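Accompanying notes for the structure given below.
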Amino acid sequence: MGSQNNISGSSFDGVAITDELGRFEFGNDSFFEIIGLQGEELIGKCFMEVIPEDMRDILERRKQTGTDIPYETKIMARDGEEKNLYISCVQTEINGTKKYVIIIKDISEQKKLELHLKESEARYRELFENADDVMYTFDSKGFFQTINNAGLKALGATRDEIIGSHGSKWIAPDSMKIANERFMKLISGVSIDEMAIYEIVCKNGEHKWAELRTRPIKEGTKITGIHGIARDITEKKRLEEQLKEYHEMLKKSYEELKESESRYRDLFENADDPMFTLDSMNCFVDLNYAGLKVLACSKEEVIGTHISKWLTPDSFEIAQIGIKKRLFGDTIEPPSILELLCKNGKHRWVEIRSRVLKDGGKITGIHGIARDITEKKRLEQQLKEYHEKLEKSYEKLKEADRLKTEFISNITHELLTPLTSIKGFAELLNDETIGKINDEQKKSLDIILRNSDRLIQLIKELIDAAYFEQNKFKLKFGMVSINNVISRSLQDMHPQANEKRITIIQGIKPLPEIWADEEKIIQVLSNLLSNAIKFTPQNGMISVTTVDDTSQVKISITDTGIGIPPDKLSRIFDRFYQIDGSASRRYGGMGIGLSICKSIIEGHYGSIWAESNGNGSTFNVTLPKLMKKKRRIKGHDEKS
Ligand code: ADP
């Protein structure tokens, strides 16, 4: 009685035949083997008594149901082994006698497998349901068949809401194209190894990112659906996005930094003034074009070299002191002026402003801006020389002027003595004190007298000028009536005016007395009137007016003469100045009258100025109405 296992591992069917009462008639080897009996044990015995208890109702059951539907039962075989049996009892007739054919199949092995499968299925279900990743299946049309808890959580929906819905419902439009393509490929049997990334739309409208791996589900050769595993990479994507943004930002700020660096570099390189950077050992780290131009060398020749190479020993010492001060934090140190030794052997001067460079708290070097002041220095030097020269020539000039004044002062006195004698004797002759003279002789004597008068007048003016210049003149102050002074001056000038038939108009109001030197004021007014007459043509007009102000009196003399150009109005008060040099020949005079007038008026704390509109001139004199007590004029005597 051998047994044979089929592919599934279960034994061949056991078959036994009993009579109507259940008495054993036949049993094959498999039957005995399954129920654990020896064939001999059944002989003479009722089958039903011998077979395991669980099988005993087999005939009863058959009789009751009247069907031969097979059923499963568990038996304890005689050898003590528990077995699962698949039992079927068929009623039949053999040779006109009722018989029962009992067929059993040991399905213990199958049962075990089933159990195992069940357990395994449960385990896999467990794994499926509680996996961290989303797992799902689609049918061949793309409708959800299953989805695990992670999937429900990810989509934020219930199983009922998902199962039976189409996959496209949960995919964002942007990902639809790639999802469709992938689905079509899978469903047509093309396997896809690479993962896909879809944008998912959750139930609440939120968008998430999922990374998917999908494969077709096959039943035999037929593809019945798709199985997918997805992972929520929203956070990863967000981080990626953030990283990207951060990267972009970094890139941008790097670009900006680069641009700004190049801008600053450009500013540095193309600055008009030399700019440099030194390291902490005072060696050049950088020097811009302007600096290279000053030193007349190339960048390679200067970078890395010590500053001492480019400075005169004196300047190097100054630079060292300056750098030391900088390092000790003296930021208000004035710029150092240093003498450079250029490559071409020339010396140049620069003014340097510098500051320390720090990295954290550590001093890493010095940055400086220099200004080439060689030209300025040269000009300064030149200016100094000019100044010295000027000073020397001014001194010489002053000396010459002093000598000239002294000479004039001496010579005038020398001239005046003989001239006075000439005039005296001429007068004696003219008065016929010495003897009778004829008309011809009288005429000649008149000419001599007139000219000696003019000469004496000129010499007196020269003496005055020298006096005023040497500040030797003295004013004799007293209370003076301006009205008197004006009339006396006019009186003096009458003959001259008459000679040229010039009309003198007076607009003079009574004026108060002022504190002044009467003779000198008369000298001033006479001089102004004399000029007015001199520069006014025949039949002209001169007016004399006065204004009595609160603090001063003003006397104005206006003529209808040749006028004074505007740019000469102030210069005419300079000594020896005449607008037209040839005028002295035409009009006489030496150009000193007005300068004397100015000295006298200023000695009275008054002022004198000329105005001209091109049609005659006006000379104005103001004199302060000073009270005697207030008057304090240094160096001037008071008339007691
Ligand atoms: P002088 O008359 O002896 O040359 P002044 O010092 O009195 O010297 O005058 C200086 C110059 O000012 C004159 O030479 C003349 O050119 C100019 N000047 C003075 N008074 C008048 C005037 N009333 N009209 C035009 N020019 C005048």
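Every number for a ligand or one of its atoms is a count from 1 in the order of the listing. Everything quoted here is computed from the prediction, not taken from an experiment.
- Residue-level proximity to ligand 1 for Thr536 is absent, since no heavy atom of it falls below 4.0 angstrom.
- Note on ligand 1: Lys534 sits in its first shell, one or more heavy atoms being nearer than 4.0 Å.
- Atoms of ligand 1 found under 4.0 Å from any heavy atom of Ile564 (numbered from 1 in listed order, with element): 25 (C), 26 (N).
- Of all atoms in ligand 1, numbered sequentially from 1 with element shown, those under 4.0 Å from a heavy atom of Ser617 are 24 (N), 25 (C).
- For the residues Phe535, Phe573, Tyr577, the heavy atom positioned nearest atom 11 (C) of ligand 1 is part of Tyr577.
- For ligand 1, the atoms closer than 4.0 angstrom to any heavy atom of Gln578 are 1 (P), 4 (O), 14 (O).
- Ring centroids of His306 and Phe284 are separated by 6.0 Å or more, keeping the two rings apart.
- The closest non-hydrogen atom to atom 23 (N) of ligand 1, taken over Thr558, Asp559, Ile557, comes from Asp559.
- No side-chain N or O of Asn288 forms a donor-acceptor pair with one of Asn270 less than 3.5 Å apart.
- Screening Lys377, Arg371, Arg378 for a salt bridge (Lys or Arg N to Asp or Glu O under 4.0 Å) involving Glu375 leaves a single residue, Arg378.
- Note that Lys299 lies in the cation-pi zone of Tyr289, set by a 6.0 Å cut-off to the ring centre and a 45° limit from the axis.
- Salt bridge Asp574/Lys568: absent, no basic N to carboxylate O contact under 4.0 Å.
- Using a 4.0 Å cut-off between heavy atoms, Ile592 contacts ligand 1 through its backbone alone, with no side-chain atom that close.
- Note: Phe268 and His367 have tilted aromatic rings, judged against thresholds of 30 and 60 degrees for the angle between ring planes.
- How far CG of Leu278 is from CD1 of Ile307: 6.0 Å, rounded to the nearest 0.5 Å.
- When only modelled atom types and interatomic distance are considered, Asp314 and Thr312 share no side-chain donor-acceptor pair under 3.5 Å.
- In terms of polar-atom proximity, Gly563 is not counted as a contact of ligand 1, lacking any N or O under 3.5 Å from an N or O of the ligand.
- Residue Phe619 has no nitrogen or oxygen atom sitting less than 3.5 Å from a nitrogen or oxygen atom of ligand 1, judged on distance alone.
- Of all atoms in ligand 1, listed by their number and element, those nearer than 4.0 Å to a heavy atom of Ile562 are 25 (C).
- The shortest separation from a heavy atom of Gly561 to ligand 1 is not under 4.0 Å, leaving the residue out of contact.
- Residue Asn531 has at least one N or O atom closer than 3.5 Å to an N or O atom of ligand 1.
- No hydrogens or angles considered: nothing links the side chains of Glu256 and Ser253 as a donor-acceptor pair under 3.5 Å.
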